[in-house]
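Start at 1 and go down the list; that is how both ligands and their atoms are numbered.
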Amino acid sequence: MSTRITLHNDKKSIYDICIESSFDNLPRELGQLDISRRRLCIVSDSAVAGLYLNELEALLTSCAREVISFVFPAGEESKTLDTVRELYEHLILHQFDRKDLLIALGGGVTGDLAGFAAATYLRGIEFVQVPTTLLAQVDSSIGGKTGVDFSSYKNMVGAFHNPSLVYINLSVLSTLSERQYLSGLGEIVKYGLINDPSYYDWISCHIEEIRRRDPGTCEEMISGSCHIKQGIVEEDWKEQGERALLNFGHTLGHAIEKEMKFALLHGECVAIGSMAAAWLSCRRNLISEEDVHALRALFDSLGVPRSLKADEIDPKAVLNAVKHDKKMDAGSIRFILLGRIGQAYIETSVTEKELEDALSAVLD
Ligand SMILES: NC(=O)c1ccc[n+]([C@@H]2O[C@H](COP(=O)([O-])OP(=O)(O)OC[C@H]3O[C@@H](n4cnc5c(N)ncnc54)[C@H](O)[C@@H]3O)[C@@H](O)[C@H]2O)c1
Ligand SMILES: [Zn+2]
């Protein structure tokens, strides 16, 4: 089991995404980056390090000049400039120079943080993504967005910095909690909704295999999502246009995430936000009521939350958060709607009243 997806920019290959069932081929893939004379620093959070750091160190020690590690406490709270500063200090202490390389072993928090450190240390060093959550495997490890949170603002400080390789080991999904796995499915359903009706149908037809994390199904599902993200990113590396379609479900999703004080996971908020955006697309007669029912049924059968309890959240606060969100574009909200299932577009005419109604539609 092995799949390779190469991302291109103007026909030039930029990096590969390798989808594998173990870490066994990682030394060979890193060999392509000529690591024998370079130092490697494996960056990982405390939970992932406990599970996989020893295995990775054992595999890589003989391949590189030196292998060190940097472990930080797991959780979004660590995605800060303070942690980046500690990582810089660690790299300086070990005399890392511009030829050396970081390996981000973990979920989106690790990838974003290590990627940002790589983008800025000595004006930029190479890094490799080894994503270990479903969300990181299909989304955050691909596309070169890196960054950290600042005060209470998510991803406020960041840089575009492409990894040199994304190495996905599907077997690490076996240790991922059910909730984290289902959260990743929120982004996966989004890919089908915005870009590929046949992928959306494929998900609907493989519920049981997806839920039990059947390896073959996971490979097909993850490579399908990676292909969709590849197609969108290759057209718009710096998010100046169509890449914004990936923000489907995120305008309300981010605001809900913030107002729930991160008690809900990112993919859970994306699913709720997707439901609201689908509802609004239906209200504008772009998709049918049956489409909305089918999406609701799909989230339910996958086990992905798609609504909030009305007493859990203050809708006014959510709408205020939307207004302050960085997706506000010169005073108008760039909201992503569905023209049909499998095709999204950017709409700038969505009113506050429509947002309020869409939010009410996902409150029980
Ligand atoms: N850069 C991007 O394009 C992009 C896109 C989407 C999300 N993000 C960012 O990604 C972050 C969320 O990522 P996430 O959901 O992966 O969160 P995360 O990195 O915090 O991982 C979630 C939890 O799962 C644990 N974990 C990771 N892999 C595991 C495994 N295989 N087995 C057991 N436990 C494991 C982690 O220790 C952590 O506690 C957010 O900060 C978000 O802003 C970035
Ligand atoms: Zn997302």
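Sorted by chain and number, the protein atoms of type N, O or S within less than 2.8 Å of the Zn ion (ligand 2) are Glu187 OE2, His250 NE2, His266 NE2.
Relative orientation of the Tyr167 and Phe23 rings is parallel, given thresholds of 30° and 60° on the angle between their planes. By the 30° and 60° cut-offs, the orientation of the rings of His206 relative to Trp202 is parallel.
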Which N or O atoms of ligand 1 sit under 3.5 Å from a protein N or O, and how far apart is each pair?
from	atom 1	to	atom 2	distance (Å)
ligand 1	1 (N)	Asp112	OD1	2.9
ligand 1	1 (N)	Lys145	O	2.9
ligand 1	13 (O)	Gly108	N	3.2
ligand 1	16 (O)	Gly108	N	2.8
ligand 1	16 (O)	Thr133	OG1	2.6
ligand 1	19 (O)	Gly108	N	3.1
ligand 1	19 (O)	Val109	N	3.0
ligand 1	28 (N)	Thr132	O	3.4
ligand 1	28 (N)	Thr132	OG1	2.7
ligand 1	31 (N)	Thr132	O	3.1
ligand 1	31 (N)	Val172	O	3.0
ligand 1	31 (N)	Thr175	OG1	3.4
ligand 1	32 (N)	Thr175	O	3.4
ligand 1	32 (N)	Thr175	OG1	2.7
ligand 1	37 (O)	Asp45	OD1	3.1
ligand 1	37 (O)	Asp45	OD2	2.8
ligand 1	41 (O)	Glu76	OE1	2.6
ligand 1	41 (O)	Glu76	OE2	3.3
ligand 1	41 (O)	Lys79	NZ	2.8
ligand 1	41 (O)	Lys154	NZ	3.4
ligand 1	43 (O)	Lys79	NZ	3.1
ligand 1	43 (O)	Lys154	NZ	2.7
ligand 1	43 (O)	Asn155	ND2	3.4

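A salt bridge between Glu347 and Arg284 is present, with a side-chain N of the basic residue lying under 4.0 Å from a carboxylate O of the acidic one.
The closest donor-acceptor contact from the side chain of Arg212 to the backbone of Ile207 lies at 3.5 Å or more, if one exists at all. In this structure, Arg243 contributes its side chain and Trp237 its backbone to a donor-acceptor pair below 3.5 Å.
With sequence neighbours excluded, no residue satisfies ring-ring contact (aromatic ring centres under 6.0 Å, His included) with His8.
Remark: Ile228 CD1 to Ile194 CD1 distance equals 7.5 Å, nearest 0.5 Å.
Taking the six-membered ring for Trp and the full ring otherwise, the centers of Phe127 and His161 sit less than 6.0 Å from each other.
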Sequence neighbours excluded and cut-off under 3.5 Å, please list the side-chain donor-acceptor pairs for residues 274-281, or say none.
from	atom 1	to	atom 2	distance (Å)
Ser274	OG	Val270	O	2.7
Ser281	OG	Ala277	O	2.7
Ser281	OG	Leu338	N	3.0

